[in-house]
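Reminder, nothing fancy here: chain letters follow the sequence lines and each chain counts from 1.
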Amino acid sequence: MKEYNPGIIEKKWQNIWDDHGTFYAENVSAKPKYYLLIEFPYPSGKGLHVGHPRPYTALDIVARKRRLEGYNVLYPIGWDAFGLPTENYAIKNKVHPREVTKENIARFKEQLKSLGFSFDWSREINTTDQEYYKWTQWIFIQLYNMGLAYKKEFPINWCPACKAGLANEEVVNGNCERCGGAVHKKVKNQWMLKITEYADRLIDDLDDLDYIERVKTQQKNWIGRSYGLEADFKIDGTNEALSVYTTRPDTMYGATYMVIAPEHELIEKLKDMISNYDELVSYRDESANKSDLERTEIVKDKTGVRIEGIDAINPITGMKIPVYISDYVLITYGTGAIMAVPAHDTRDYEFAKKFDLPIIEVVSGGNIEEEAYTDNENGILINSELIDGLNVNEAKEKISDYLENKGIGRRTKNFKLRDWVFSRQRYWGEPIPLVNCDSCGWVPLDLKELPLILPDVESYEPTDNGESPLATMTDWVNTTCPKCGGKARRETDTMPQWAGSSWYFLRYIDPHNDQALASEESIDYFMPVDWYNGGMEHTTLHLLYSRFWHKVLFDVGVVKTKEPYLKRTSHGMILGENGEKMSKSRGNVVNPDEIVEEYGADTLRMYEMFIGDFEKSVPWSMNGVKGCRRFLDKVFRLQDILVTGDTFTNDMEILMHKTIKKVSNDFETLKYNTGISTMMELVNAFNKKGSINIKEYETFLILLNPVAPHLTEELWVLAGLPGMLNQTNWPKHEEAKTIDETIDMPVQINGKFRGTVNIGRNASLEEAKAAAFANPELLVNLEGKTIVKEIFVPGKIFNLVVK
RNA sequence: GCCGAAGUGGCGGAAUGGCAGACGCAUACGACUCAAAAUCGUACGGGAAACCGUGGGGGUUCAAGUCCCCCCUUCGGCACCA
């Protein structure tokens with residue numbers, strides 16, 4: 001008998017699929033479409049590791065199954081190729097990032113191709129192509145025209161040693177990833193995108209989506225919507241009022257002092273009344289110089305300064321209360337000021353203890369001598385004249401009404417989500433297509449001027465002053481205003497890596513269109529994405545950003561669906577054999593090339609899916625790989641016991657239908673591991689029987705095909721089955737034929753398993769009882785006992801309660 | 001601290017409230033072989049057994065890995081968001 005040689009078989013079928021364009025999606029089709037999306041890779045210099053193929057294989061299984069079910073499947077691939085690692089590598093090795101990118105992509109592509117994914121390679125995209133980023137720039141202009149892009153002073157991470165601005169991911173524990181030195185803040189005028197304007201929609205529209213629950217909750221928490229009251233506290237002896245935001249207006253009687261952020265405008269406004277202005281300024285400077293790390297490290301120890309010379313008036317009690325500045329209040333959230341209720345807020349409690357401020361209990365139930373009582377959702381109000389005796393929720397409403405009626409309070413909401421800092425002072429990104437004109441201000445380029453090509457530069461190293469490398473290119477920077485024709489300067493910041501990936505799923509639909517990012521008809525046909533799988537690490541940034549851009553494009557009228565992705569799932573990480581995260585420095589990286597070389601791509605694919613629960617992290621195991629290869633060898637040897645037959649044999653019929661049902665279902669529900677084990681059981685059953693007929697064999701090959709496509713296509717041909725496997729149909733089970741006529745019903749005595757009885761599926765209690773009493777082994781347990789209760793669940797269990 | 005997920009053999013992991021450990025790995029023994037590999041077969045949670053076993057402690061139920069309450073541990077996310 002021939003031997004299973006994956007090296008030859010796999011190459012052969014990959015070529016056939018390529019030559020036939022087997023997996024190309026049709027642009028126009030009478031078939032229903034199905035759009036599957038994986039997160040397109042960043043082509044790093046390291047090549048693939050075995051973690052990459054896990055999600056790709058999972059959706060490849062769904063893609064192949066869907067095609068056999070009669071869908072026009074779009075399963076595309078591309079490259080998210082702008083970004084820092086490439087740029088840093090290029091600087092270090094004095095190669096152009098374009099060249100590095102080209103090489104990396106070539107390597108990734110070769111590796112991916114060797115795994116036999118059914119990607120539509122005719123739609124391959126690359127975010128660094130001019131024809132691609134032309135439309136990234138076009139979308140930016142839409143954002144600008146809608147007023148969603150604006151410039152703002154915003155601090156960047158600045159490494160004084162490297163003289164470079166750093167991305168957040170380059171800052172590790174407050175230090176520079178490269179030189180290890182402390183990272184400081186440097187304020188720059190940057191482009192921001194108003195994602196906060198879409199915050200409500202980004203939360204509310206989640207309700208109708210089929211996203212795994214942890215993704216929804218993480219996004220909701222990240223956006224962080226809260227409802228509360230903005231209330232005005234008068235500053236004594238002035239017409240000024242200090243507005244605070246609170247989610248607990250019910251506790252206002254307990255507000256014994258106020259705190260404002262060090263940067264709050266009130267200090268400048270009331271400068272003349274303040275007797276310790278200099279002290280406040282030096283505190284402000286001090287906290288500005290603190291790194292993020294320092295600021296959070298000092299959590300335990302609250303600092304602050306009282307603003308001398310002013311007092312605020314609690315609007316509900318009329319009492320004069322002091323005002324402090326402290327960096328535990330953030331200028332970026334709410335109004336940058338709070339009313340402090342130390343009895344019921346841990347932070348305020350700590351501050352009050354330290355500065356010896358009064359603590360007034362207003363919700364009963366805690367022990368405020370010991371600590372703040374915060375877990376008080378169901379508490380009753382005390383020491384609060386207007387609302388004494390009410391519960392927290394009633395009190396909130398009453399106080400809110402009261403202050404709104406007096407015109408010194410407004411119900412409002414707040415978000416933790418901040419606007420998106422969209423500028424990078426880097427070379428390897430999309431140029432921002434705007435010019436600054438002395439008379440017209442910021443002016444976007446015309447569509448016909450796009451793409452604004454990233455110029456070739458001698459040196460793309462960051463500059464000493466934190467400006468983008470593009471800023472030194474005066475020829476490129478100096479231009480004319482598209483509006484008035486006067487002198488103008490180009491924006492020299494580039495876009496972040498998140499830009500290209502925020503809309504790539506739309507370009508796949510119509511990747512060569514030079515009139516639009518994709519044609520209207522094709523968008524209408526293919527959108528939305530039916531199933532998007534990706535890593536949990538992208539939940540709060542990429543996934544949210546792309547939902548935001550899609551909603552903007554919806555508002556512009558480019559897309560017709562308010563959400564880009566109907567369904568979102570997430571895979572677990574693959575760890576090294578030692579159970580640690582795979583990394584070069586830990587020396588536990590497994591390269592898929594080695595596995596393909598030694599065992600074949602089908603074995604790798606199968607093991608990637610069989611390794612464990614798809615949603616959980618799991619350590620790699622070379623022995624596990626061997627086990628999967630062993631199974632495929634077994635499958636190959638089924639040829640030896642192949643017999644004729646055009647229907648399932650009687651003794652295998654039920655098992656066949658059960659298997660079809662289980663595998664079909666498991667492939668839809670991320671349970672690839674149990675789907676595969678079901679097929680293993682089937683093969684074991686045929687081997688035990690000693691034969692498999694051609695009909696059973698054919699069906700089995702189709703079921704296994706999504707997991708091991710090369711082998712099954714080959715066996716299909718070797719068995720003389722008609723055409724190619726990829727042209728056939730996915731089998732369907734008959735529900736009636738998945739049910740056994742007789743079952744081994746477990747018999748329990750006092751809830752303990754004592755044996756089984758083989759009875760009819762629909763047998764009655766009497767039949768079960770008769771069978772049980774005919775079994776001497778069971779009778780032993782009944783000796784000298786009386787039966788007090790018989791529990792019989794048809795088809796399930798027979799339990800005798802005895803005394 | 002807050003939010004989320006999870007704790008089951010030597011390992012990865014299965015189990016609509018109804019026989020815990022499917023399937024695979026590792027291991028041991030046997031067959032084949034001059035021998036080895038491959039392959040095939042048998043065993044494989046603990047215990048001599050009665051029994052005991054799904055992180056720990058309570059509870060609901062005829063019956064709990066699964067449901068409820070409390071606690072411990074691990075992982076992921078957020079982190080002074082008022």
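Nearest-nucleotide positions on RNA chain B for A:R214 and A:N799 put A:R214 closer to the 5' end.
If you check every strand for non-hydrogen atoms under 4.0 Å, A:K671 touches sugar and phosphate atoms only. Within 4.0 Å of A:K789, counting heavy atoms only, lie sugar-phosphate atoms of the nucleic acid but no base atom. Backbone-only contact: A:I611 has heavy atoms under 4.0 Å from sugar-phosphate atoms and none from a base. A:R629 comes within 4.0 angstrom of no nucleic acid atom, judged by non-hydrogen atoms across all strands. When heavy atoms are screened at a 4.0 angstrom cut-off, A:V618 is found touching the sugar-phosphate backbone but no base atom. Counting any heavy atom pair closer than 4.0 Å across all strands shown, A:D613 reaches sugar-phosphate atoms only and no base atom. When heavy atoms are screened at a 4.0 angstrom cut-off, A:S226 is found touching the sugar-phosphate backbone but no base atom.
Between the P atoms of B:G9 and B:G56, the separation comes to 10 Å (whole Å). For the C1' atom pair drawn from B:G13 and B:G21, the interatomic distance equals 9 Å after rounding to whole Å. Nucleotides B:C67 and B:G18, compared at atom P, are 11 Å apart to the nearest Å. Between the C1' atoms of B:G47 and B:G41, the separation comes to 27 Å (whole Å). Across the C1' atoms, B:U54 and B:G65 are found 5 Å apart, a figure rounded to whole Å. Going from the C1' atom of B:C23 to that of B:C72 covers 32 Å, rounded to whole Å. Distance check on atom P: B:A6 versus B:A82 gives 27 Å, rounded to whole Å. When the P atom is compared between B:G4 and B:A63, the two are found 32 Å apart, to the nearest whole Å.
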Checklist entry - Can you give one letter per nucleotide of nucleotides 21-28 of chain B, 5' to 3': B if a protein heavy atom sits under 4.0 Å from the base, S if only from the sugar-phosphate, - if neither? => result -BBSSS--

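Partner assigned to B:G10 is B:C25, using Watson-Crick or G-U wobble distances below 3.5 angstrom. When both pairing distances are held under 3.5 Å, B:A35 makes no Watson-Crick or G-U pair with any nucleotide shown. Judged by Watson-Crick or G-U wobble contacts below 3.5 Å, the nucleotide B:A82 has no partner. Remark: B:U16 base-pairs with no nucleotide; criterion is Watson-Crick or G-U wobble with both hydrogen-bond distances under 3.5 Å. Pair assignment for B:A64: none, as no Watson-Crick or G-U wobble contacts are both less than 3.5 Å. As the counterpart of B:C2, B:G77 is assigned, both hydrogen-bonding distances of the Watson-Crick or G-U wobble pattern falling under 3.5 Å. Of all nucleotides present, none satisfies the Watson-Crick or G-U wobble test against B:A49 with each distance under 3.5 Å.
Rounded to an integer number of Å, the gap from NZ of A:K662 to C1' of B:A15 is 9 Å. Rounded to whole angstrom, the span from the CD atom of A:Q748 across to the P atom of B:G17 amounts to 16 Å. A:E537 has its CD atom 11 Å from the P atom of B:C78, to the nearest Å. The CG-C1' distance, from A:L765 to B:C62, rounds to 13 Å in whole Å. At whole-Å resolution of the value, OH in A:Y607 and P in B:C11 are 15 Å apart. Between A:Q218 atom CD and B:C75 atom P the separation is 17 Å, expressed in whole Å. Between A:D744 atom CG and B:C19 atom P there is a gap of 12 Å when expressed in whole angstrom units. In this structure, CD1 of A:I797 is placed 15 Å from C1' of B:U66, rounded to the nearest angstrom.
Donor-acceptor pairing under 3.5 Å is recorded for the side chains of A:R248 and A:N376. One side chain, A:S226 or A:Y245, offers a donor N or O that lies under 3.5 Å from an acceptor on the other. A:K626 and A:N623 share a donor-acceptor pair across their side chains, judged by distance under 3.5 Å alone. In this model, a donor atom of one side chain and an acceptor atom of the other lie less than 3.5 Å apart for A:T332 and A:R418. If you check the side chains of A:S764 and A:E767, you find a donor sitting under 3.5 Å from an acceptor. In this model, no donor atom of one side chain and acceptor atom of the other lie less than 3.5 Å apart for A:T412 and A:Y227.
Counting heavy atoms of neighbouring residues, nucleotides and ligands inside a 6.0 Å radius, atom NZ of A:K354 exceeds 12 of them.
With distances taken from any side-chain atom of A:D345 to the nucleotides B:A82, B:C80, B:C78, the minimum falls on B:A82. For A:V793, counting side-chain heavy atoms from C-beta on, the closest listed nucleotide (B:A82, B:G18, B:A20) is B:G18. Relative to the side chain of A:P619, the nucleotides B:C78, B:A20, B:G12 differ in distance, and B:G12 lies closest.
No hydrogens or angles were tested; on distance alone, nothing pairs the side chain of A:K616 with the base of B:C75 as donor and acceptor under 3.5 Å.
When A:F351, A:Y349, A:F233 are each tested for a ring-ring contact (aromatic ring centres under 6.0 Å, His included) with A:Y257, only one passes: A:F351.
Here A:R637 reaches the OP1 or OP2 of B:C40: one of its side-chain N or O atoms lies under 4.0 Å away. Remark: A:T346 is not in phosphate contact with B:C80, judged by side-chain N or O atoms under 4.0 Å from OP1 or OP2. Between A:Y333 and the phosphate of B:A82, there is a side-chain N or O to OP1/OP2 separation shorter than 4.0 Å.
Within 90° of 0 lies the glycosidic angle of B:G9, which makes this nucleotide syn.
Ring geometry for A:H542 versus A:H538: interplanar angle over 60°, hence perpendicular rather than tilted (30 to 60°).
Residues A:K302 and A:D327 are not paired through a salt bridge, judged by the lack of any N-O separation under 4.0 Å between the basic side chain and the carboxylate. The existence of a salt bridge linking A:E404 and A:R411 is confirmed by a sub-4.0 Å separation between a basic side-chain nitrogen and an acidic carboxylate oxygen.
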